[in-house]
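Some notes on the structure that comes next.
Whatever order the structure lists ligands and atoms in, that order sets their numbers, starting from 1. What you see below is based on every heavy atom in this structure, not just the backbone, and it leaves out hydrogens, waters and symmetry mates.
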Amino acid sequence: KKGNYDHFMQKEIYEQPESLRTTLRGRLIPGDESKVKGVLLGGLKAHLRTIRRSRRILFIGCGTSFHAALATRPLVEELSEVPVTMEIASDFLDRRAPIYREDTAVFVSQSGETADTLQALEYAKSHGALCVGITNTVGSAISRGTDCGVHINAGCEIGVASTKAYTSQIAVMTMLALAIGEDAISTRARREAIIDGLLDLPGVVKEVLKLDEKMKELAATLMEEQSLLLFGRGYNYATALEGALKVKELALMHSEGILAGEMKHGPLALVDETLPIIVIATRDSTCSKQQSVIQQLQARKGRLIVMCAKGDAAIMCPNGASYVIEVPHIQDCLQPIINIIPLQLLAYHLTVLRGFNVDQPRNLAKSVTTE
Ligand code: UD1
Ligand code: M6R
C-alpha cells in the first residue's frame with residue numbers, strides 16, 4: 001500500500017530513516033564498561049576468521065547492488081587490508097574469471113534471484129571460494145545458496161528502481177568491514193567513530209530528506225535536458241554511478257556517472273555552457289581534488305551543480321555554481337548513504353515532470369531472472 005504517497009518509489013525513499021533503523025537493529029553494540037563498542041552479524045560470526053585470512057575478497061553484483069558494493073570497497077580495503085576486486089556478475093561469467101579456494105566472494109542482491117548473480121555464485125562455489133550473501137529476501141536462491149551472509153532487512157521493495165535497499169546494503173557492508181577489522185588495535189578509534197555514525201544515521205537521513213522541495217525545483221530546471229553528467233570520486237564514485245542509473249532508468253534521460261579522476265582523459269571535451277554537470281564534493285580525503293575539478297570545470301564555463309557539506313559552498317565553489325545542494329555531514333564512509341538521497345529525489349521528480357512511469361519504468365522488471 002502506498003499510503004499518503006503517490007508512488008511506491010516515493011514511499012520507499014521516505015522510508016529510509018526507518019528501513020535503516022531496521023537494518024541496524026540488534027547489530028550495533030554501543031559499548032559500555034562491560035562491552036567494547038562493535039558490531040554483531042549473527043550470520044557471519046563463524047566465518048570471520050576465514051574471511052580475514054582470504055587472499056582476496058570479490059564483490060559481485062549487478063546494477064544498484066554492484067554500486068552499493070563499490071561504495072564500501074574503500075572501507076573494506078582499509079579495515080581488512082585484503083585486496084577487494086569488483087565484478088559485475090555478467091562480465092565475471094563472460095570471462096570465466098579465475099577464482100580460488102583462498103578467495104571470499106560476496107554476492108550482493110536485493111531480490112536474491114538475479115540470474116547473472118546466481119550463476120556467478122554457482123561458478124564461484126564450484127571453484128571452492130567461500131561464498132557470502134548480502135540479500136534482502138529471506139529464503140531467496142542467493143540467500144539459500146551462499147555459505148553464510150547477512151540479510152539487510154530493509155523490508156519489501158516494490159518500485160523497480162532500488163532506493164531503500166541501496167542504502168541498507170551500504171549500511172550492512174559497512175558493518176561487514178567493521179566485523180572483518182574488529183581485531184585490529186590500530187583502527188579501533190576509526191571503527192568506533194563509524195559505529196557512532198551508524199547510530200546517528202537514521203536522524204541524518206531524516207535531515208537530508210528535507211531537501212525534497214529543492215530537488216523538485218532543480219528537476220524543473222533540468223526537465224528539458226538531453227543529458228546529465230555526475231562527477232564523483234572515492235567513496236562517492238558509486239554515488240555518481242548510482243545517481244546516473246536512477247536518472248536514466250526512471251526519467252529516461254541520458255545520464256552518466258564519471259570518475260572525476262578520469263575527467264582529463266576524455267569527458268572534459270564535453271563541457272560547455274549548456275550541459276548540466278553534478279559534482280559531488282562532500283568532505284573526505286578527496287575533497288581538495290574535487291575543489292580543483294570544480295575550478296577546472298568553471299574555467300571551461302561548465303554548468304555546475306555542486307553537492308557539498310552544509311556550510312561548505314563558499315569554500316568548494318568560490319565562483320558560484322548554477323545550483324548548490326548542501327547536505328548534512330557524516331563520517332566519510334557513510335556519506336554515500338546521505339548523498340544518494342537528494343539524487344533519488346531528483347530522479348523521482350524528473351520522472352514525474354517528464355510524465356514517465358515511476359514504479360514500472362519501460363522495458364524493466366524488478367527481478368531479472370533471465371540472462
Ligand atoms: C537471525 C534471524 C532473525 C533473528 C536474529 C536473532 C533469520 C532469517 N534471521 O538474524 O530473525 O531476530 O537471528 O539473533 O532467521 N545467510 C546466508 N546468505 C545470505 C543471508 C543470510 O547464508 O545471503 C544466513 C546467515 O549466515 C545466517 C542466516 O542466513 O545463518 C540468517 O542471517 P541473518 O538474518 O542476517 O542473521 P541474524 O541477523 O543473526
Ligand atoms: O535484485 P538485485 O539487487 O540482484 O538486482 C540487481 C539489478 O537488477 C537492480 O539493482 C537494478 O539495477 C535496479 N533496477 C536499479 O534501480
- Task: Please confirm whether Ser143 comes within less than 3.5 Å of ligand 1 when only nitrogen or oxygen atoms on both sides are compared.
- Result: yes

- Query: Looking at ligand 2, does Ser367 have a heavy atom less than 4.0 Å from it?
  - Reply: no

- Query: Considering all protein heavy atoms, does one lie under 4.0 Å from atom 9 (N) of ligand 1?
  - Reply: no

- At a non-hydrogen distance cut-off of under 4.0 Å, which region of Arg144 contacts ligand 1 (side chain, backbone, both, or neither)? neither

- Among protein heavy atoms, which sits nearest to atom 8 (O) of ligand 2, and what does the distance come to when rounded to 0.1 Å? Val368 CG2, 4.0 Å

- Note on the structure: Distance col, row Met316:CE vs Gln295:CD, nearest 0.5 angstrom, shows 9.0 Å

- Could you tell me whether Asn153 and ligand 1 have an N or O pair separated by under 3.5 Å? no

- Would you check whether Ile142 has a nitrogen or oxygen atom less than 3.5 angstrom from a nitrogen or oxygen atom of ligand 1? no

- Query: Do any nitrogen or oxygen atoms of Gly43 lie less than 3.5 angstrom from nitrogen or oxygen atoms of ligand 1?
  - Reply: yes

- Task: Answer yes when Glu182 and Arg188 have at least one side-chain N-carboxylate O distance shorter than 4.0 Å, and no when they do not.
- Result: no

- Note on the structure: heavy-atom search around atom 14 (N) of ligand 2 in the protein gives Glu249 OE1, 2.9 Å

- Task: Please say whether Val150 places an N or O atom under 3.5 Å from an N or O atom belonging to ligand 1.
- Result: no

- Message: Walk me through whether Thr64 and Gln110 qualify under side chain to side chain donor-acceptor pair (under 3.5 Å).
- Response: CA-CA 9 Å; Thr64 292; Gln110 187 284 131; over 6 Å; no

- Task: Measure from atom 2 (P) of ligand 2 to every heavy atom in Thr114, Val108, Val160 and give the option owning the shortest one.
- Result: Thr114

- Message: When you compare the side chain of Thr137 with that of Ser143, does any pair of heavy atoms fall below 4.5 Å?
- Response: no

- Residue, atom name and distance, where the atom is the protein heavy atom closest to atom 10 (O) of ligand 2: Thr64 N, 3.1 Å

- Task: Would you check if Asp200 and Leu334 make a side-chain contact, meaning some heavy-atom pair closer than 4.5 Å?
- Result: no

